[in-house]
Structure formats: C-alpha cells, structure tokens
Amino acid sequence: MDDKISYITKEVHEEFARRMEAENQRLEDENKRQNHRIDALEKVTGQINALTISVEKMATNMENMLGAIERQGNLIEKQNDRLDAMEKEPGKDFKQIKMDMIKTVLGGIVGAAVVAVIALL
C-alpha cells in the first residue's frame with residue numbers, strides 16, 4: 001500500500017467548489033422550470049377533465065332530448081291521424097245524406113211510375 005497522501009491546492013478546491021455551486025444552481029433552476037411546467041400541465045389536465053365531463057353530460061342531455069323529440073313526434077302523428085279522421089267525418093255524413101236524398105228521389109219516381117201504371121190499368 002502506498003501511504004502517500006496527496007493534497008490539492010486551495011485554488012483547485014475553490015474552482016471545484018465554484019463548479020459544484022454552478023452545477024447545483026443549474027440543477028435548481030432546471031427543477032424550478034420543470035416544476036413550473038408540471039404545474040401548468042396539471043392545470044391543463046384539470047381543464048381537459050372538466051371538458052370531458054361537460055361533453056359526457058351534454059351527450060346524455062342530447063340523448064334525453066332525442067327521446068323526448070321522438071315521443072313528441074309519435075304524439076303529433078297520433079294527433080294528426082285523429083284530426084284526419086275528424087276532418088273526414090263531415091264528408092262521410094254528407095255522402096250519406098246525398099245517398100239518402102237520391103234514394104228518396106228515386107223512390108218517389110218509382111212510386112209515381114207505379115201509381116201511373118196502376119192508374120192506366
């Protein structure tokens with residue numbers, strides 16, 4: 001074993017200390033920058049999460065609205081069918097009255113013809 005001890009000069013030690021201090025400062029500055037970037041990313045991530053939740057709620061609301069619109073469409077269709085039937089009812093009544101009048105007139109003519117034939121005999 002070599003028992004010789006070697007010493008460094010004060011200038012070498014001070015230079016080493018300055019370099020270590022500069023390196024430590026650089027690392028500290030880098031940590032601050034990265035921490036700042038991480039904070040900004042956390043904020044953005046929170047905003048994206050809030051946006052995602054809002055989009056999910058909006059999709060659910062749109063599904064509910066679509067169901068409501070379909071139900072209303074079905075109700076309107078049923079009401080239109082009922083309205084059509086109600087509008088056609090007076091026409092059916094008029095046709096029936098017209099047929100009854102024609103039958104009455106024809107019955108009168110046939111009756112008059114039968115009476116005329118009987119009167120001629």
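If you're wondering where the values come from, they're calculated on a predicted model, not measured in any experiment. Basis for what follows: all heavy atoms, side chains included, without hydrogens, waters or symmetry-related copies.
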Check: residues 52-61 side-chain donor-acceptor pairs under 3.5 Å, at least two apart:
residue: Thr52; atom: OG1; partner: Ile48; partner atom: O; Å: 2.8
residue: Ser54; atom: OG; partner: Ala50; partner atom: O; Å: 3.1
residue: Thr60; atom: OG1; partner: Glu56; partner atom: O; Å: 3.0
residue: Asn61; atom: ND2; partner: Lys57; partner atom: O; Å: 3.4

With a cutoff of under 4.5 Å between side-chain heavy atoms, which Ile, Leu, Val, Met, Phe, Trp and Tyr residues group with Ile118?
Val110, Val114
Using 0.5 Å steps for rounding, measure from the CD1 atom of Ile69 to the CG atom of Asn74.
12.0 Å
Leu41 side, atom CG; Arg37 side, atom CZ - distance, nearest 0.5 Å
7.0 Å
Atom CE in Met20, atom CG in Leu27: separation rounded to 0.5 Å?
8.5 Å
Side chain to side chain donor-acceptor pair (under 3.5 Å) involving Asn35 - partner list, sequence neighbours excluded:
none
Lys32/Glu28 under salt bridge (charged side-chain N to carboxylate O under 4.0 Å, His left out): CA gap, chis, key distance, verdict:
CA-CA 6 Å; Lys32 286 180 183 178; Glu28 186 177 324; 3.7 Å; yes
Could you measure the distance from the CD atom of Gln47 to the CG atom of Asn49? Nearest 0.5 Å is fine.
11.0 Å
Side chain to side chain donor-acceptor pair (under 3.5 Å) against Glu30, all qualifying residues, sequence neighbours excluded
Arg26, Gln34
If you define the side chain from C-beta out and look only at heavy atoms, does anything of Glu42 sit under 4.5 Å from Ile38?
yes
Rounded to the nearest 0.5 Å, what separates atom CZ in Phe16 from atom CD in Glu23?
10.5 Å
My understanding is that only residues two or more places apart in sequence, or in another chain, count here; which of them pass side chain to side chain donor-acceptor pair (under 3.5 Å) with Glu70?
none
OG1 of Thr104 to CD1 of Ile97, rounded to nearest 0.5 Å, is 11.5 Å
Lys/Arg-Asp/Glu bridge criterion (N-O < 4.0 Å) met for Arg18, Glu15:
yes
Non-neighbouring partners of Gln96 that pass side chain to side chain donor-acceptor pair (under 3.5 Å), sequence neighbours left out:
Asp100
